[in-house]
Amino acid sequence: MSNLNERLTQTQTRLKSWLFDAALPIWRDVGVDKINGGVFETINLKGIPERSNRRTRVAARQVYSYAQARLMGFPGETDEVIDACLAWLNGPALRDDGLLNAVVSADKEVVRAEFDFYDHAFALLAYATAFKVRPQDKDLESRAIVIREALISGYKHPVRGFEEANPRMLPLKTNPHMHLFEACLAWVEAGGDARWKEIAAEIAELCLDKFLHPENGSLREYFDGDWNPIEGEMGRIIEPGHQFEWAWLLIRWAAISGDDKFIAPAKRLVEIAENYGTDHHRNVTIFELWDDFSVKDAKARLWAQTERMKAYVALQSVAGSAEEREECVSKLIKAAEGLELYFDVPIAGLYRDKLTPDGLFVEEPAPASSLYHIICAIDEMTKASI
Ligand SMILES: O=P(O)(O)OC[C@H]1O[C@@H](O)[C@@H](O)[C@@H](O)[C@@H]1O
């Protein structure tokens with residue numbers, strides 16, 4: 001076995017053991033709120049869950065995480081978390097019109113009922129992944145279709161993509177489109193109807209035509225109502241983590257759609273995020289750049305490290321030569337080592353979230369919301385080979 005291959009296998013094994021032996025058990029055994037239902041937002045670094053208001057996206061992400069764990073062959077119990085979170089999504093988080101509240105308290109009082117596009121994208125991902133492991137449960141598909149149709153009837157942009165509110169509220173945002181794209185791909189994989197693929201195609205084209213900077217190929221975050229970058233500083237923000245994340249999705253979409261035109265822009269996104277958006281001294285991908293690639297915010301959140309990993313798994317799958325593939329695998333290992341920096345806490349299975357520019361971690365409870373990123377990256381990593 002080559003040295004690189006050996007390092008890849010060791011990294012895959014190490015991360016998978018951390019996930020299976022420590023993280024999945026703790027986020028199930030401590031993370032589920034057995035009294036009030038749903039899951040806690042955070043567990044502090046002493047291992048105690050914290051009682052705070054709950055973002056709907058967290059319940060959705062935990063459905064994804066434990067359904068994905070099942071797909072990965074996790075031998076432990078997963079139904080408890082999946083059921084608790086599905087009940088939350090279809091209970092306290094559900095509004096009368098079929099859409100979702102954004103934030104609900106532990107006592108099930110609605111804290112923020114406003115429509116949040118991002119939460120709906122995650123609910124669709126949750127239902128898709130649950131449906132992959134429970135294909136006989138047709139309710140999962142019907143609930144997702146209710147949300148999808150409500151999104152289309154209430155929030156469709158007149159030309160392409162989706163609005164943030166009805167009546168319109170600017171800026172329009174690429175981020176929820178990215179997660180809706182991700183959910184649509186999951187539904188395509190889960191055997192959903194043709195509409196999922198049509199929405200994915202629309203978002204992929206919108207990304208190429210409008211989200212990407214025509215000159216330097218970066219992907220910006222905030223747009224006006226005609227899909228031009230919003231005026232002022234906001235229109236100039238790019239997030240390196242999102243460059244990696246879109247690259248991962250675009251390469252997956254190239255395989256599903258059979259259209260290779262998405263690969264070159266994806267490679268460019270990775271190049272930008274690696275060369276300008278990653279601090280090679282700390283070995284972490286940072287939070288924000290300006291669209292001339294100067295640094296806006298050098299703090300580094302955990303999730304961006306997982307996107308770096310996913311992007312290199314995608315890139316190695318479309319590598320043109322053995323050398324290119326080895327280069328991707330070597331960067332994948334580097335990215336995984338960057339992620340593991342965040343795992344250095346007294347209780348295995350918990351993690352840090354923010355690394356400051358001077359190399360210190362912020363002291364704070366571990367957020368449940370990051371498990372989704374981590375499990376996805378580890379699952380993707382197991383697909384890499386040389
Ligand atoms: O901040 P939380 O909820 O942990 O999400 C972490 C991050 O997830 C990523 O996939 C992106 O959507 C980011 O914009 C987001 O901030």
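In each ligand, atom 1 is the first atom listed, and ligand 1 is the first ligand listed.
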Requested in this report: Could you check K331, R308, K334 and say which one makes a salt bridge (Lys or Arg N to Asp or Glu O under 4.0 Å) with E274?
Outcome: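 So the option named by the test is R308.
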
**Report entry** Other residues, nucleotides, ligands: >12 heavy atoms within 6.0 Å of K46 NZ
**Finding:**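 No, because the 6.0 Å sphere around NZ of K46 holds 12 heavy atoms or fewer from other groups.
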
Query raised in the report: Counting only heavy atoms not in Q10, do more than 12 fall under 6.0 Å of its CD?
Result: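 Yes.
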
Starting from [atom], locate the nearest protein heavy atom and write down its residue, its atom name and how far away it is, to 0.1 Å.
atom: atom 1 (O) of ligand 1; result: R301 NH1, 3.0 Å
atom: atom 4 (O) of ligand 1; result: S369 OG, 2.9 Å
atom: atom 11 (C) of ligand 1; result: H242 NE2, 3.1 Å

**Report entry** Lys/Arg cation over aromatic F40: R54, 6.0 Å, 45° cone
**Finding:**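 The answer is yes, since R54 meets both limits relative to F40.
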
Requested in this report: Mark yes or no: R252 above the aromatic ring of W248, with NZ or CZ under 6.0 Å from the six-membered ring centre and no more than 45 degrees from the axis.
Outcome: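 So R252 does make the cation-pi contact.
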
Can you name the atoms of ligand 1, numbered from 1 with element, that are less than 4.0 Å from a heavy atom of [X]?
X: R55; answer: 3 (O)
X: H179; answer: 9 (C), 10 (O), 11 (C), 12 (O)
X: N175; answer: 11 (C), 12 (O), 13 (C), 14 (O)

**Report entry** Heavy-atom nearest option to atom 15 (C) of ligand 1, drawn from Y372, F287, F122, Y118
**Finding:**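 Heavy atom nearest to atom 15 (C) of ligand 1 belongs to Y118.
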
Report task. Counting heavy atoms only, name the option from H373, R61, R57 that's nearest to atom 2 (P) of ligand 1. Result ->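 Among H373, R61, R57, the closest heavy atom to atom 2 (P) of ligand 1 comes from R61.
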
Query raised in the report: Should the pair F211 and H177 be assigned to parallel (<30°), tilted (30 to 60°) or perpendicular (>60°) ring geometry?
Result: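 The rings of F211 and H177 stand perpendicular, inter-plane angle above 60°.
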
